Amino acid sequence: MNNEFPKAYNPKETETKILQFWFEKKLYHSEIDKTKKPFVIVIPPPNITGALHMGHALNNTLQDLIIRLAKMKGFNTLWLPGTDHGGIATQNVVERILLKQGKTKHSLGREKFLEFMWQWRKETGDTILNQLKNIGCLCDWDRTRFTMDEVCSKAVFKAFKKLFDEGYIYRGERIVNWCPRCKTALADIEVEYKEQKDKLLYIKYPLKNKNLQVKYITVATVRPETMLGDTAVAINPNDERYKRLIGETVILPLINREIKIISDDTIDIEFGSGAVKVTPAHDPLDFEIAQKHNLEILKVIDEDAKMINVGIYCGIDRFDCRKKVVEDLKQLGLIEKVEDYTHNVGVCYRCGTVIEPLTSKQWFLKMKDIAKKAYEAISEGKVVYYPEVYKEHTLRWLNNIKDWCISRQIWWGHRIPVWYCKNYNSELQKDTEFCSVIVSEKKPEECPNCKTTEFYQDTDVLDTWFSSALWPFSVFGWGLDENNAELKYYYPTQILVTGYEILYLWVARMIMMGLYFLKEVPFREVFVHGIVRDIHGKKMSKSLGNVIDPLDIVEKYGTDALRFSLVSSTTAGRDIYLSEENFVSSRNFMNKVYNMTKFILMNISKQDSNFIKNWIKNFDESKISYLGIAEQWILSELNSLIIKIKEYHKKYLLGSIAHELYGFVWFKFCDWYLETAKINLQKEEKKVSTLSVLLIVLNKILKLLHPITPFFTEYIYQNIKFLFSEEEKDSILDSGFVEESNFKFDNLKVISYEVIKNIVSEIRTIRNEFKIQLNIKPNIIIVIEKNQKILDTIKEYSNYIQRLGLINNMSFINKKNEEFKKPQHSATAIFEITKEFGTLELYILLEGIIDFEKEKKRLKKELEETEKFFILFEQKLNNSEFLAKAPKEEVERIKEKYLLTKEKIEKIKSYYKEL
RNA sequence: GGGUGCGUAGCUCAGUUGGUUAGAGUGCCGCUUUGACAUGGCGGAGGUCACAGGUUCGAGUCCUGUCGCACCCACCA
């Protein structure tokens with residue numbers, strides 16, 4: 001930067017260099033170091049499908065921010081990266097690829113298919129990690145894990161075995177959510193619900209006993225095809241209409257099967273016809289009823305969603321069968337009526353296909369006891385949620401937890417480590433006879449029961465979330481050795497950063513597993529962020545065409561701009577709406593900081609640099625009183641900034657950190673301090689101190705910004721660090737974080753600077769109002785009557801104002817000492833400063849330019865505004881209750897305001913008259 | 001059906017335990033190339049803080065209700 005000053009910041013070139021620098025120094029790497037406190041984040045492992053999207057960019061930028069911050073604070077930080085095999089999602093993607101080549105998984109066979117999967121994973125699985133590297137993620141790239149690598153797989157086996165041995169895992173024939181497209185069972189939580197309009201059909205079921213008063217009982221359904229699997233009709237025992245039909249027999253239309261009418265108090269009398277067809281094999285509620293009443297469970301829809309066991313309807317797809325059943329019922333005149341009905345339909349969270357509940361043999365994990373421990377830990381605050389609402393959400397979920405179906409009928413994943421011996425009889429096998437079922441990683445030697453050596457392994461794989469649940473400790477080799485040093489040092493981790501959509505699917509389960517296996521929560525804090533949406537609040541999707549690709553943004557505006565936008569858009573737990581303009585504004589901000597650095601460096605001559613270095617090195621509180629008002633002001637503002645940001649760090653108000661820095665850098669440091677500093681830079685005697693202050697502030701700004709925008713801050717730091725003392729390290733990351741100073745600033749000076757800012761603003765406003773040309777530089781007079789000190793201070797720095805080129809000359813008058821009459825042809829402005837300093841009058845002398853009528857109008861407007869507030873204050877002070885009940889400071893504040901506005905009004909009025 | 005969050009400038013949002021004359025970014029309009037930056041500077045317009053009550057000396061902020069939006073949970077066929 002020293003030699004050449006390109007006009008604008010060039011992110012691409014810089015980022016390549018800086019990235020290389022970090023990698024050469026291995027700044028990302030962590031080793032056990034007992035002298036330092038560890039600060040660990042384990043990445044939410046992205047699936048190996050697809051590439052980096054905005055959601056990943058957000059999630060990982062936030063983690064990087066937190067990690068860099070911790071590193072600068074001196075922790076031994078470890079951010080452990082990795083990927084997830086992604087079960088169904090990944091298998092679906094690969095199956096689609098195969099299909100394009102005219103192959104299916106079945107045509108390949110399990111072994112070949114898995115070979116293909118592994119090959120695919122080898123070729124494309126790390127794409128996303130490389131992209132994370134490029135956006136600056138300070139992950140420990142020497143420790144990358146994969147949920148199906150050896151270390152993690154060992155953990156999965158060990159966990160399964162332990163849970164099985166301790167009686168938490170069981171196998172059973174249950175009704176499960178079946179996805180006919182993915183051909184697998186899904187956990188309840190993996191089903192999404194979509195609102196859908198359907199027809200609610202009222203179907204008449206003929207009664208067998210012809211001697212009854214009624215011939216039919218009517219049931220209502222939106223899924224008429226399931227009637228073929230009905231094994232009862234249920235009514236509420238208190239339903240007067242049907243009471244007497246309990247125990248009667250119904251002849252199921254179309255297939256003429258006889259079923260009973262039973263009573264169950266879970267039936268809602270009000271809904272539909274009040275009578276419910278019971279299809280135990282294809283409805284969870286009906287399944288429960290069937291168990292209670294010992295009903296037959298008749299499966300009529302198979303795993304391909306085709307009809308079975310139903311005579312002529314066999315082999316027909318469920319939805320085609322629905323049409324056919326309706327037609328046939330119509331023919332028989334058995335449809336009483338049809339109503340429009342809106343309801344929720346369960347769909348697969350991976351492919352969107354309508355779920356078919358059906359009975360199937362699956363592995364389950366008993367959750368109740370395990371969840372209880374997690375409930376307690378979270379209640380006790382062992383895991384802290386940011387924002388806190390998600391704590392309640394999680395607790396409620398844990399409280400209503402159901403058993404977790406952990407088996408999936410796909411091939412990609414951890415195969416269930418269960419072996420059945422050759423003589424295993426699945427007919428006899430009713431949950432209880434586990435003698436011939438052996439949990440083992442490898443094929444067992446011999447069946448302890450029948451002594452056979454022939455075994456076959458369960459064909460199912462585990463739910464991908466099973467391995468994810470172990471992630472925070474499997475990555476440290478828990479599967480190999482649960483007492484290993486790394487696990488001991490790094491576990492539990494500090495914080496988990498994730499989106500709210502996987503709070504139950506993943507986060508809660510990690511807490512449960514962590515507590516179960518290691519007796520300790522896996523992370524102390526959870527930071528929950530929202531989903532990235534487009535500016536209209538729509539989810540970004542390829543089909544909508546509203547996707548903003550983070551890599552495009554990087555290309556166009558730079559990584560820092562991408563990151564800054566993401567961080568500044570983050571408000572705890574809420575969704576983020578992004579538009580491209582957002583990135584433009586961040587890019588501009590990067591450029592602003594770059595240019596301001598350029599300006600500072602431009603002003604440093606070679607012989608100055610040693611003086612500056614010395615000045616900065618010896619800067620302490622004793623030097624404060626020698627500093628000018630601008631310097632005192634900016635340093636005190638910097639102090640407030642640091643205090644605020646530290647507070648935001650503590651509360652993880654990450655978006656606020658970005659906003660605060662933006663405001664400080666742009667509006668305080670650049671717009672004001674830097675502008676006024678330009679004047680001192682012209683004076684030899686002030687040059688060194690001014691440049692030093694500029695650099696001190698710049699240095700702190702860079703450190704504060706660095707966790708958000710690492711590239712350009714590191715780059716600038718490299719260019720200014722020669723001006724700081726030797727302690728400053730290679731990388732900004734090692735240079736320590738920022739603490740506020742406890743310097744005492746001169747309040748009078750700090751206020752004076754604020755007054756000068758107001759004066760300048762007012763001059764600009766008036767010039768603008770009267771459209772005064774640039775080349776016209778009027779004189780101004782500043783009048784004060786209360787406090788001579790502030791007048792002196794302002795006087796001392798009046799050249800600041802003059803140098804801005806807005807005015808020619810300034811004169812100062814203290815009304816107390818000198819007689820003063822409002823000059824003719826002048827515009828007037830009156831400010832309230834503080835009680836101590838009173839009001840200040842400003843006159844801009846503009847002979848021939850001031851249009852009296854215009855000035856009158858302007859003053860009148862000003863007067864009206866001021867009077868409005870004056871009345872407000874007056875009312876408050878006339879209110880005895882306010883005086884009695886409001887805190888003293890508040891009353892004082894209003895009094896001060898009251899007096900100041902009063903003074904202002906009087907002055908405006910008197911000058912108005914003189915016009 | 002239950003729950004949670006939200007409703008503040010055209011748009012996206014800040015506004016911490018109730019107490020500055022409600023703020024910022026962006027967009028719009030006007031002026032502005034004076035060597036850090038036109039990816040800049042200065043100014044302007046634009047808000048009955050969803051609505052209705054209540055508590056309070058005082059409400060954008062707390063309470064109740066209504067309306068609207070979003071999301072989560074739930075076995076009404």
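Quantities reported herein were computed from a predicted structural model and do not represent experimental measurements. Throughout, a chain's letter reflects where its sequence line sits, starting with A, and its residues are numbered from 1.
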**Q** Less than 6.0 angstrom from the centroid, inside 45 degrees of the normal: does A:Lys337 satisfy that with respect to the ring of A:Tyr202?
**A**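 Yes, A:Lys337 lies over the aromatic ring of A:Tyr202.
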**Q** Heavy atoms under 4.0 Å, any strand shown: does A:Arg396 hit a base, just sugar-phosphate, or nothing?
**A**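 A:Arg396: backbone/sugar contact only, no base atoms under 4.0 Å.
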**Q** NA contact type, A:Met596, heavy-atom cut-off 4.0 Å: base, sugar-phosphate, or nothing?
**A**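 It contacts base atoms.
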**Q** Would you classify A:Glu892 as touching base, sugar-phosphate or nothing, given that sugar-phosphate means primed atoms plus P, OP1 and OP2, and contacts are heavy atoms under 4.0 Å?
**A**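 Since no nucleic acid heavy atom lies under 4.0 Å of A:Glu892, the category is nothing.
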**Q** For A:Tyr390 together with A:Tyr385, are the ring centres under 6.0 Å from each other?
**A**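 No: the rings miss the under 6.0 Å criterion.
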**Q** On the nucleotide B:A14, are OP1 or OP2 found under 4.0 Å from the side-chain N or O atoms that A:Thr571 carries?
**A**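 Result: yes.
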**Q** Of the nucleotides B:G43, B:U16, B:C73, which has the atom closest to the A:Lys651 side chain?
**A**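 In terms of side-chain proximity for A:Lys651, the closest of B:G43, B:U16, B:C73 is B:U16.
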**Q** What contact category does A:Tyr577 fall into here, base, sugar-phosphate, or nothing, at under 4.0 angstrom with non-hydrogen atoms?
**A**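 Sugar-phosphate, backbone atoms only, no base.
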**Q** Establish, with yes or no, whether the OP1 or OP2 oxygen of B:G35 is under 4.0 angstrom from a side-chain nitrogen or oxygen of A:Lys7.
**A**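 Checking B:G35 against A:Lys7, no side-chain N or O comes under 4.0 Å of OP1 or OP2.
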**Q** Between A:Asp671 and A:Ile576, which residue's closest nucleotide on RNA chain B lies nearer the 5′ terminus?
**A**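 Looking at RNA chain B, the more 5' nearest nucleotide goes with A:Ile576.
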**Q** To the side chain of A:Lys885, which of B:C37, B:C57, B:C42 is closest?
**A**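 The nucleotide sitting nearest to the side chain is B:C57.
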**Q** Using the side-chain heavy atoms of A:Lys678, tell me which of these nucleotides is nearest: B:A36, B:U21, B:A24.
**A**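 Nearest listed nucleotide: B:A36.
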**Q** Choose from B:U4, B:A36, B:G40 the nucleotide whose nearest atom is closest to any side-chain atom of A:Trp666.
**A**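 Looking only at heavy atoms from C-beta outward on A:Trp666, the closest nucleotide is B:G40.
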**Q** Can you work out whether A:Ile894 or A:Arg574 has the more 5'-proximal nearest nucleotide on RNA chain B?
**A**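 The 5'-side residue here is A:Arg574.
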**Q** With sequence neighbours excluded, what pairs up with A:Asn344 under the side-chain hydrogen bond (donor to acceptor under 3.5 Å, both in side chains) test?
**A**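 By the side-chain hydrogen bond (donor to acceptor under 3.5 Å, both in side chains) rule, A:Asn344 matches no residue at all.
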**Q** Grab the stems for RNA chain B, please: at least three consecutive Watson-Crick or wobble pairs, both distances below 3.5 Å, written as range with range.
**A**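 Correct response: B:1-7 with B:67-73, B:10-13 with B:23-26, B:28-32 with B:40-44, B:50-54 with B:62-66.
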**Q** Please find out if less than 6.0 Å separates the ring center of A:Tyr898 from that of A:Phe873.
**A**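 They do not qualify: ring centres at least 6.0 Å apart.
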**Q** Counting the atoms with a prime plus P, OP1 and OP2 as sugar-phosphate, which does A:Phe667 contact under 4.0 Å by heavy atoms, base, sugar-phosphate, or nothing?
**A**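 Touches sugar-phosphate only.
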**Q** Examine the base of B:A36 for any acceptor or donor lying under 3.5 Å from a partner atom in the side chain of A:Glu675, and report the outcome as yes or no.
**A**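 When only heavy-atom distances are counted, A:Glu675 does reach the base of B:A36 through a donor-acceptor pair under 3.5 Å.
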**Q** Has A:Lys678 got its NZ or CZ under 6.0 Å from the middle of the six-membered ring of A:Phe599, at an angle within 45 degrees of the ring axis?
**A**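 Yes, a cation-pi geometry.
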**Q** Taking the minimum atom-to-atom distance to the side chain of A:Glu581, which one of B:U26, B:U21, B:C57 wins?
**A**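 Selected nucleotide: B:U26.
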**Q** Donor-acceptor pair, distance only, cut-off 3.5 Å: does the side chain of A:Arg509 make one with the backbone of A:Leu505?
**A**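 Yes; at least one donor-acceptor contact below 3.5 Å.
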